[in-house]
Amino acid sequence: MMGSRGTSAVLSRAARMRQKLQSALEASALDIEDVSYQHAGHAAVKDNANETHFNIRVISSKFEGQSLVKRHRMVYDLLTDELNSGLHAISIVAKTPKESGP
């Protein structure tokens with residue numbers, strides 16, 4: 001008999017972000033790096049909270065024909081829930097497959 005532990009586990013912020021971005025953008029590459037440790041002790045980081053700052057690199061054909069601002073807006077819009085619940089800052093690299101090179 002399988003337990004329900006795996007299905008009820010709380011996903012990390014990075015895992016939730018990965019699911020949202022991968023699903024909506026159908027990314028051919030997606031790297032999410034937690035750099036929160038670099039910001040520990042900063043005024044905006046309450047109680048040394050974890051998973052507050054991330055670098056995101058996403059390659060998606062959905063970015064074709066979109067300006068850099070529009071690409072970033074697409075990512076921000078997908079992460080609204082996270083930004084409203086403790087995610088403080090993200091750095092985004094958003095490219096099309098052609099722009100990402102061979």
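Numbers for residues simply follow the sequence, beginning at 1.
Counting heavy atoms from C-beta on, the side chains of Leu30 and Ile56 come closer than 4.5 Å.
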If you look only at distance, which donor and acceptor atoms sit under 3.5 Å apart when one is on a side chain in residues 77-84 and the other is two or more places apart or in another chain?
unit_1	atom_1	unit_2	atom_2	d
Asp77	OD1	Arg73	NH1	3.4
Thr80	OG1	Tyr76	O	3.4
Thr80	OG1	Asp77	O	3.0
Glu82	OE1	Arg13	NH1	2.7
Glu82	OE1	Arg16	NH2	2.9
Glu82	OE2	Arg16	NE	2.8
Glu82	OE2	Lys20	NZ	3.2
Asn84	ND2	Thr80	O	3.3

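Of the inter-residue distances, the one linking His88 atom NE2 with His53 atom NE2 reads 4.0 Å to the nearest 0.5 angstrom. For the atom pair CD1 of Ile92 and CE of Met74, the computed distance is 11.0 Å after rounding to the nearest 0.5 Å. Atom NE2 of residue His72 and atom OG of residue Ser91 lie 8.0 Å apart, to the nearest 0.5 angstrom. How far NZ of Lys98 is from CD1 of Ile59: 14.5 Å, rounded to the nearest 0.5 Å. Residue Ser28 holds its OG atom at 12.0 Å from NZ of Lys95, rounded to the nearest 0.5 Å.
Between the side chain of Glu64 and the backbone N or O of Ser61, no donor-acceptor pair lies under 3.5 Å.
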| task | Would you please test Thr96 and Arg71 for side chain to side chain contact (heavy atoms under 4.5 Å, CB included) and show each step? | result | CA-CA 10 Å; Thr96 67; Arg71 295 173 190 191; 3.6 Å; yes

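No single ILVMFWY cluster, assembled from side-chain heavy atoms under 4.5 Å apart, contains both Leu87 and Val93.
Not counting sequence neighbours, the partners of Lys62 by the salt bridge (charged side-chain N to carboxylate O under 4.0 Å, His left out) test are Glu26.
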